[in-house]
Amino acid sequence: MARPRLLRSCLFAALSAVLVSSAATSTAQADPPDVAAAAVTFSDSFDGPAGAAVDASKWQVETGDNVNNHERQYYTSGNRNATLDGQGHLVITARKENPANYQCWYGTCQYTSARLNTAGKFTAQYGHVEARMKIPRGQGMWPAFWMLGTPVNWPDSGEIDVMENVGFEPSTVHGTIHGPGYSGSGGIGAAYSLPNGQAFADAFHTFAVDWAPDSITWSVDGNVYQRRTPADLGGRTWVFNKPFFLILNLAVGGYWPGDPDASTVFPQQLVVDHVSVTTGDTATGGAIRGPAGRCVDVAGANSANGTPVQLYDCNGTAAQQWTVGSDGTLRALGKCLDVSGDGTADGSAVQLWDCTGGPHQKWTVNAARDIVNPPADKCLDATGNSSANETRLQIWTCTGGANQKWTVG
């Protein structure tokens with residue numbers, strides 16, 4: 001999107017010193033028949049008493065101003081502007097105030113706010129990254145949920161903006177990637193708008209990316225609105241196949257949103273219900289093996305909507321690397337295993353499709369090694385009891401037959 005935006009973290013140069021190590025590792029995978037072929041590698045639902053600070057084992061609270069974006073806030077420490085509300089939320093509050101001890105690049109800051117990150121505590125590489133939030137409203141507000149590559153050397157180390165909003169666009173959020181040669185106003189992304197003039201500040205919404213090798217897919221409330229791959233970069237370098245850490249912040253003013261005006265009512269709040277990162281047992285997911293030991297495979301490694309899902313000799317390619325999302329999805333190539341046409345009848349084919357959050361993309365793996373679509377109450381099935389290469393997969397009444405038995409991971 002064309003907008004005058006520079007890296008929000010340039011001021012925090014000392015941050016890069018703690019980025020070399022990541023404290024988080026994936027939860028150990030259970031035995032293959034269990035449903036937990038995925039690991040929730042990071043989760044915070046912000047439980048705790050009202051007024052408490054965030055969990056210091058998960059987040060660090062940054063302090064200071066931000067010269068490069070011409071922002072107007074000073075990020076404070078502790079729980080002054082970032083606190084739990086006692087109801088399972090993190091509340092980041094922006095206040096209009098200019099205490100003399102908060103000095104900004106242009107003099108005394110006019111606002112205070114907060115910015116949190118997981119640097120040195122958690123990094124992710126691939127998976128489903130999401131936050132459920134209710135954003136503030138008003139001219140000059142700039143809430144964001146985003147990630148930076150490690151070690152920080154922006155823009156070469158990369159930036160993934162899961163969600164940004166500027167107050168003059170109350171119905172619209174943006175998702176963007178920044179890297180060498182496509183940073184700032186040259187970032188590559190798209191916008192998502194709510195229908196009928198609804199404002200994002202009116203309710204909680206879930207903002208997510210599904211991140212795989214050479215693929216990032218953005219969604220709002222399960223509605224996919226863009227997917228980016230190296231092909232979108234026009235020959236420039238894709239820098240997103242490595243660890244990134246998470247950031248939550250509420251900025252005030254700056255080149256992109258502009259300054260608050262007389263219409264902006266303070267204080268304003270970014271309310272965060274939860275943040276989570278769910279990955280597979282490995283960074284690239286794992287194989288699902290079925291009849292004759294062959295693997296569940298996306299035909300031709302084609303990520304287009306409607307691509308058939310089939311059996312094929314296991315080859316370790318991305319077309320056979322599946323992760324189990326915390327939302328019950330099975331994901332490969334940045335998309336979901338989907339029952340064609342929302343079908344529930346025996347013989348309904350399965351395919352690859354954008355993740356929509358719909359019931360036709362929900363799956364459970366039980367101890368009997370069945371992969372079941374609960375709305376249809378039917379099992380993932382190899383058509384015609386065949387185990388040959390290119391056998392199309394479908395759903396069918398669960399019979400206990402060998403053509404419906406799968407080993408995940």
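What's counted below: heavy atoms across the whole structure, side chains too, no hydrogens, waters or symmetry copies. Numbers for residues simply follow the sequence, beginning at 1.
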Does a side chain donor of either Thr397 or Asp346 reach within less than 3.5 Å of an acceptor in the other side chain? yes
Any ion pair linking Asp202 and Arg137 (charged N to carboxylate O, less than 4.0 Å)? yes
In the structure I gave you, are the side-chain heavy atoms of Phe266 and Met141 within less than 4.5 Å of one another anywhere? yes
Least distance between heavy atoms, Phe46 atom then Asp273 atom: CD1-O, 3.7 Å
Side-chain donor/acceptor pairs under 3.5 Å, residues 303-312, sequence neighbours excluded:
from: Ser303; atom 1: OG; to: Arg227; atom 2: NH1; distance (Å): 3.1
from: Ser303; atom 1: OG; to: Arg227; atom 2: NH2; distance (Å): 3.4
from: Asn305; atom 1: OD1; to: Lys335; atom 2: NZ; distance (Å): 3.1
from: Asn305; atom 1: OD1; to: Asp354; atom 2: N; distance (Å): 2.9
from: Asn305; atom 1: ND2; to: Asp354; atom 2: OD2; distance (Å): 3.1
from: Thr307; atom 1: OG1; to: Asn302; atom 2: O; distance (Å): 3.1
from: Thr307; atom 1: OG1; to: Ala304; atom 2: O; distance (Å): 2.7
from: Gln310; atom 1: NE2; to: Asp297; atom 2: OD1; distance (Å): 2.9

Evaluation steps, side chain to side chain contact (heavy atoms under 4.5 Å, CB included), between Asn403 and Thr383: CA-CA 8 Å; Asn403 61 315; Thr383 302; over 6 Å; no
Gln226 side chain to Gly175 main-chain N or O, any donor-acceptor pair under 3.5 Å? yes
Flag, side chain of Ser386 to backbone of Ala388, donor-acceptor distance under 3.5 Å: yes
Are the side chain of Arg95 and the backbone of Thr112 linked by a donor-acceptor contact shorter than 3.5 Å? no
In terms of the angle between their ring planes, are Tyr192 and Tyr225 parallel, tilted or perpendicular, with boundaries placed at 30° and 60°? tilted
Heavy-atom donor-acceptor pair, Thr356 side chain to Gly358 backbone, under 3.5 Å: yes
Find out whether Leu84 and Val91 are in side-chain contact, i.e. whether some heavy atom of one side chain is under 4.5 Å from a heavy atom of the other. no
Assess whether side chain to side chain contact (heavy atoms under 4.5 Å, CB included) is satisfied between Asp338 and Val350, documenting all intermediate values. CA-CA 5 Å; Asp338 175 280; Val350 298; over 6 Å; no
Do side-chain atoms of Thr83 reach the backbone of Gly51 as a donor and acceptor pair under 3.5 angstrom? yes
Would you say the side chain of Leu90 lies within less than 4.5 Å of the side chain of Trp59, judging by non-hydrogen atoms? no
Can you measure from CD1 (Ile371) to OG1 (Thr364) and round to the nearest 0.5 angstrom? 9.0 Å
Under a 4.5 Å cut-off applied to non-hydrogen side-chain atoms, are Leu380 and Asn373 in contact? no
Shortest non-hydrogen contact from Ala199 to Leu194? C-CD1, 3.9 Å
Given 3.5 Å as the limit, does a donor-acceptor pair link the side chain of Asn223 with the main chain of Val220, or not? yes
Straight-line distance of Ile135 CD1 to Ile92 CD1, nearest 0.5 Å: 13.0 Å
Are the side chain of Asp370 and the backbone N or O of Trp406 linked by a donor-acceptor pair below 3.5 Å? no
Return yes if some donor-acceptor pair links the side-chain N/O of Lys362 with the main-chain N/O of Val372 below 3.5 Å, else return no. no
With rounding to the nearest 0.5 angstrom, report the CG to CD1 distance, Asp232 to Ile177. 7.0 Å
Out of curiosity, Leu246 CG to Leu116 CG, how far, rounded to the nearest 0.5 Å? 11.0 Å
If you measure only the distance, is there a donor-acceptor pair under 3.5 Å linking the side chains of Glu71 and Asn69? yes
Identify the two heavy atoms, one from Asp65 and one from Cys109, that lie closest to each other, and give their separation to 0.1 Å. CB-SG, 4.4 Å
Taking Gln320 for the side chain and Thr317 for the main chain, is one N or O donor matched with an acceptor at less than 3.5 Å? no
Do Ser43 and Ser276 get their side chains close enough for a donor-acceptor pair, meaning under 3.5 Å? no
Does Lys242 reach the side chain of Ser157, with side-chain heavy atoms less than 4.5 Å apart? yes
Taking the side chain as every heavy atom from C-beta outward, state whether Pro260 and Tyr111 have any atom pair closer than 4.5 Å. yes
In this structure, CZ of Arg331 is separated from CD of Gln361 (nearest 0.5 Å) by 8.0 Å
Where at least one partner belongs to residues 376-409, residue pairs that pass disulfide bond (SG atoms under 2.5 Å apart), sequence neighbours excluded: Cys379-Cys398
Worked check of side chain to side chain contact (heavy atoms under 4.5 Å, CB included) between Thr176 and Trp146: CA-CA 9 Å; Thr176 315; Trp146 50 301; over 6 Å; no
Applying salt bridge (Lys or Arg N to Asp or Glu O under 4.0 Å) to Arg72 and Glu97, what does each step give before you reach the verdict? CA-CA 11 Å; Arg72 300 293 185 176; Glu97 56 185 355; over 6 Å; no
Evaluate the side-chain hydrogen bond (donor to acceptor under 3.5 Å, both in side chains) criterion for residues Asn81 and Thr76: first the C-alpha distance (whole Å), next the side-chain angles of each, then the deciding distance (0.1 Å), finally the verdict. CA-CA 7 Å; Asn81 291 77; Thr76 66; 2.6 Å; yes
With distance as the sole test, does Gln139 use its side chain to make a donor-acceptor pair with the main-chain N or O of Asp261 at under 3.5 Å? no
Could you check if a side-chain atom of Asn249 sits within less than 4.5 angstrom of a side-chain atom of Trp142, using non-hydrogen atoms only? no
Please tell me whether Phe200 and Phe207 form a close aromatic pair, meaning their ring centres lie under 6.0 Å apart. yes
Ring centroid separation Trp256 to His174 under 6.0 Å: yes
What are the two closest non-hydrogen atoms of Gly88 and Asp47, and how far apart are they? CA-OD1, 3.8 Å
With the side chain counted from C-beta on, respond yes when Ile188 and Arg236 share a heavy-atom pair under 4.5 Å apart, and no when they do not. yes
For atom NZ of Lys58, is the number of surrounding heavy atoms from other residues, nucleotides or ligands below 6.0 Å larger than 12? yes
Only counting residues at least two apart or in another chain, list the ones meeting ring-ring contact (aromatic ring centres under 6.0 Å, His included) with His89. Phe204
If you look at every heavy atom in Ser215 and Leu333, which pair is closest and at what distance? OG-O, 3.9 Å
From CA spacing to verdict: side chain to side chain contact (heavy atoms under 4.5 Å, CB included), Trp322, Leu337: CA-CA 9 Å; Trp322 297 88; Leu337 184 68; 4.0 Å; yes
Looking at CH2 of Trp211 and CD1 of Ile160, how far apart are the two atoms once the value is rounded to the nearest 0.5 Å? 4.5 Å
Work out which heavy atom in Trp238 is nearest to a heavy atom in Arg228; give both atom names and the distance. CH2-O, 3.4 Å
For Asp161 and His178, run side-chain hydrogen bond (donor to acceptor under 3.5 Å, both in side chains): C-alpha distance rounded to whole Å, both residues' side-chain angles, the deciding distance at 0.1 Å, then the answer. CA-CA 8 Å; Asp161 298 326; His178 300 266; 3.1 Å; yes
Walk me through it: do Asp381 and Gln404 pass the test side-chain hydrogen bond (donor to acceptor under 3.5 Å, both in side chains)? CA-CA 5 Å; Asp381 177 282; Gln404 295 182 350; 2.9 Å; yes
